[in-house]
Each structure stands twice: as C-alpha cells, then as structure tokens.
Amino acid sequence: IAANTVINACGALMPVEEVLQMLRGMEAKRHRANRVTVNFVLQLLVKAGRMEDAVELFEDLCSRQRADAVTFGTMANAYGKRRMLEKMEEVVRDAAAVGQVSLPLLNATLDAYGKSGLFGNMENALQRMKSFSVAPDLTSFNILIHAYGMSGMVAEMEATVEGIKAAGLKPDSYTYNILISAYGEAEMPYASMRILQEMQEESLVPDAITYRNLISAFERAGDFLEAARWSMWSKQITQPTM
RNA sequence: GAUCGAUCUUUCUUCGC
C-alpha cells in the first residue's frame with residue numbers, strides 16, 4: 001500500500017531500524033514491498049554502514065528471485081567501495097547467472113579496481129563489458145581517467161580521453177573536473193588551467209569543485225600566488241552580489 | 001503489451017573505518 005511511498009519519501013530521515021521494521025511488517029502482512037522500495041532500503045543499509053543487514057536482505061532477495069539489476073548493482077558497489085573485491089566478483093557472477101548485469105554494476109567494478117590500483121583487473125573488467133554486450137559510457141571513461149590520473153599515469157589518461165571522442169561521446173563536467181585534479185596531482189597546474197579553458201569553450205560552467213581542484217593544483221606545485229588568485233576569483237564567481 | 005518517472009555506478013570537501 002502506501003507504505004512504499006512512506007518509505008521512499010521519509011526513509012532517508014528515519015532511523016534505519018524503523019524502516020526495517022516497516023519492511024518486515026509489510027512482508028508479514030503479505031504486502032509486497034515493490035522492487036524500488038526494497039532496493040532503496042538496501043541502499044539505506046549500505047549507506048548506514050550496516051553491511052551485515054544489507055547482505056542479509058540481499059541474500060533473502062536472491063533466494064526469492066527478487067533481486068534485479070539495481071539490487072546487484074547496489075551490492076557490487078557496496079563491496080567494491082569496501083574493497084572486498086572477491087565478494088564483488090561473486091555478485092557479478094550471481095547477476096550474470098540471472099541475466100541482471102547492468103552498466104552501473106560493471107562501472108562499479110571498474111571503479112573498485114581503479115581505486116585499488118589494480119589496473120590489470122580494471123582492463124579485464126573493461127574487456128568483460130563486451131562479453132555482456134555492454135558498451136562503456138561516459139561514466140566508464142571518467143572512472144578510467146580518474147584511476148590513471150590519480151596514479152600519475154598521464155599518458156594512459158590522455159589516451160583514454162581520446163577514447164571518449166572515438167566512442168562518439170563528449171566530456172562532461174565530471175571529466176573536466178577529474179582532469180584538472182589529475183594534472184594538479186602531476187604538478188602540471190598550467191595543464192589544469194588549459195582544461196578549465198577547454199571546459200569553458202564547451203560552454204560548461206565551472207563549479208566549486210572545479211575551482212577547488214584548480215587551486216589545489218597550484219598549491220601542490222608551490223605556486224601560492226596563483227592559487228590565491230584563483231581562490232579570490234572563485235569566491236567572486238560563486239557568490240554573486242545580491 | 002510498450003514507453004516514461006521514484007531505487008544502483010564516476011569528480012572536490014567533511015566525517016567515520
């Protein structure tokens with residue numbers, strides 16, 4: 001009934017316990033929580049750091065064939081974020097077994113391997129997408145760029161940026177913010193600045209993250225004057241006079 | 001029956017481990 005709506009609307013503000021009780025209450029009364037609601041609760045548990053409860057719910061859903069692509073994606077990401085990579089792969093296998101492998105799930109695995117510095121696994125995960133007949137999207141590319149950038153693998157990163165165009169996609173604000181951060185990490189702040197220009201040429205609006213990344217880039221390179229300059233500039237931009 | 005909308009994936013910060 002309306003309990004689905006209540007959970008979806010208020011779930012984020014309610015104690016997790018209450019949400020769980022409500023969900024169980026619905027099951028007890030044979031009111032079936034819909035798939036979105038169940039997935040929403042699963043995500044709540046994950047965000048609350050209650051992996052044990054999340055796993056319990058997940059396994060319950062699996063055993064009753066009620067796990068869908070979002071369910072598997074949520075769990076794969078949860079394990080990936082915790083760097084429980086073998087568990088994550090189990091989820092991928094489970095999802096594959098029932099034909100519920102999604103692009104977000106695969107992207108979550110890319111990110112997990114990338115952030116773990118396991119570039120070989122990341123490449124394999126990328127190749128694996130083909131076997132699921134899934135094409136990498138812009139998020140996939142952003143994940144790869146971030147992974148290479150944060151590890152100072154500038155050549156690989158730039159090759160991946162080329163791949164975006166080759167795939168017929170266009171970089172978005174995430175891409176540019178990641179690149180600005182990456183060149184900063186590599187102590188190439190003027191390359192970061194170039195990226196900001198490109199971003200503006202594409203009519204994308206730099207946000208607070210953009211400026212923070214650029215400021216850090218100059219700070220890391222020891223150019224505190226330029227950093228201060230951008231800091232003042234960003235304050236003017238992001239706090240327009242009223 | 002189809003499609004769309006609410007739930008999963010990527011950038012800075014804070015906080016946890």
Side-chain angles (χ1 to χ4, degrees), chain A residues 2 4-12 19 23 33-51 54 57-58 61 66-84 88 91-92 95 100-115 122 125-126 129 132 134-150 157 160-161 164 169 171-185 192 195-196 199 204-217 219-220 230-231 234 238:
Chain A
N4 278 312
T5 313
V6 172
I7 292 180
N8 286 340
C10 312
V19 177
L23 189 67
N34 73 30
R35 27 140 108 271
V36 173
T37 302
V38 174
N39 286 333
F40 186 81
V41 172
L42 183 64
Q43 175 72 358
L44 277 185
L45 292 172
V46 169
K47 278 198 288 209
R50 304 184 38 160
M51 268 311 266
L57 177 56
F58 172 64
L61 292 171
R66 294 233 277 136
D68 68 2
V70 174
T71 315
F72 288 110
T74 301
M75 281 311 290
N77 185 45
Y79 281 129
K81 283 278 185 304
R82 280 155 235 273
R83 303 290 117 90
M84 298 166 71
M88 181 183 77
V91 174
V92 177
Q100 295 292 330
V101 175
S102 67
L103 182 54
L105 179 148
L106 294 170
N107 281 340
T109 67
L110 281 186
D111 191 46
Y113 289 125
K115 296 232 167 84
M122 186 175 77
L126 185 64
M129 295 175 103
F132 290 114
V134 170
D137 67 354
L138 188 56
T139 296
S140 317
F141 284 104
N142 287 342
I143 291 167
L144 298 175
I145 291 167
H146 181 260
Y148 290 130
M150 284 359 252
M157 178 181 82
T160 307
V161 172
I164 293 181
L169 301 169
D172 65 0
S173 298
Y174 278 73
T175 317
Y176 289 111
N177 285 347
I178 292 164
L179 286 169
I180 288 170
S181 167
Y183 284 119
E185 197 76 24
S192 297
I195 298 294
L196 172 64
M199 184 178 187
L204 292 172
V205 182
D207 61 10
I209 296 175
T210 313
Y211 289 115
R212 268 199 288 271
N213 289 350
L214 186 59
I215 292 162
S216 313
E219 281 173 348
R220 179 174 294 271
W230 282 104
S231 178
S234 72
T238 55

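By convention in this document, chain letters (A, B, ...) are assigned in the order of the sequence lines, proteins followed by strands, and residues within each chain are numbered from 1.
Distance from the side chain of I178(A) is smallest to rU11(B) among rU11(B), rU7(B), rU13(B). Of the candidate nucleotides rC8(B), rC12(B), rU7(B), rC12(B) has the atom lying nearest to any side-chain atom of I209(A). Closest to the side chain of T74(A), from the set rU9(B), rU11(B), rC8(B), is rC8(B). Taking every side-chain heavy atom of T139(A) into account, rU9(B) is the closest of rU11(B), rA6(B), rU9(B). The listed nucleotides are rU11(B), rU10(B), rU9(B); the one nearest the side chain of N142(A) is rU10(B). For P104(A), counting side-chain heavy atoms from C-beta on, the closest listed nucleotide (rC8(B), rU10(B), rU7(B)) is rC8(B).
What you find for A125(A) and L110(A) is that their closest heavy atoms are CB-CD2, 3.8 Å. D68(A) approaches T71(A) most closely through the heavy-atom pair OD1-OG1, 2.7 Å. Of all the heavy atoms in G80(A) and A112(A), the pair that sits closest is CA-CB, 3.7 Å.
One can place CE of M157(A) at 20 Å from P of rU10(B), the figure rounded to the nearest angstrom. Residue R212(A) contributes atom CZ, which lies 10 Å from atom P of rC12(B) at whole-angstrom precision. The separation between M75(A) atom CE and rU9(B) atom P is 13 Å, rounded to whole Å. Taking atom CG of N107(A) as the reference point, atom C1' of rU10(B) lies 8 Å away to the nearest angstrom. As a whole-Å value, the separation of R35(A) CZ from rG5(B) C1' is 14 Å. Distance L138(A) CG to rU10(B) C1': 9 Å, rounded to the nearest Å. Atoms CD1 (I143(A)) and P (rU11(B)) sit 8 Å apart, rounded to a whole Å. For the pair L214(A) CG and rU13(B) P, the interatomic distance rounds to 14 Å; values are reported in whole Å.
For K81(A) and rU10(B), the shortest distance from a side-chain N or O to OP1 or OP2 is below 4.0 Å.
Within the nucleic acid shown, S181(A) has no heavy atom closer than 4.0 Å to any nucleic acid atom. Using a 4.0 Å heavy-atom distance criterion, K47(A) is classed as making no nucleic acid contact.
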**Request:** Could you check I180(A) against I209(A) for side chain to side chain contact (heavy atoms under 4.5 Å, CB included), going step by step and ending with a plain yes or no?
**Result:** CA-CA 10 Å; I180(A) 288 170; I209(A) 296 175; over 6 Å; no

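Side-chain N/O atoms of T139(A) and N142(A) include no donor and acceptor closer than 3.5 Å.
By the 5.5 Å and 30° criteria, Y174(A) is stacked with the base of rU10(B).
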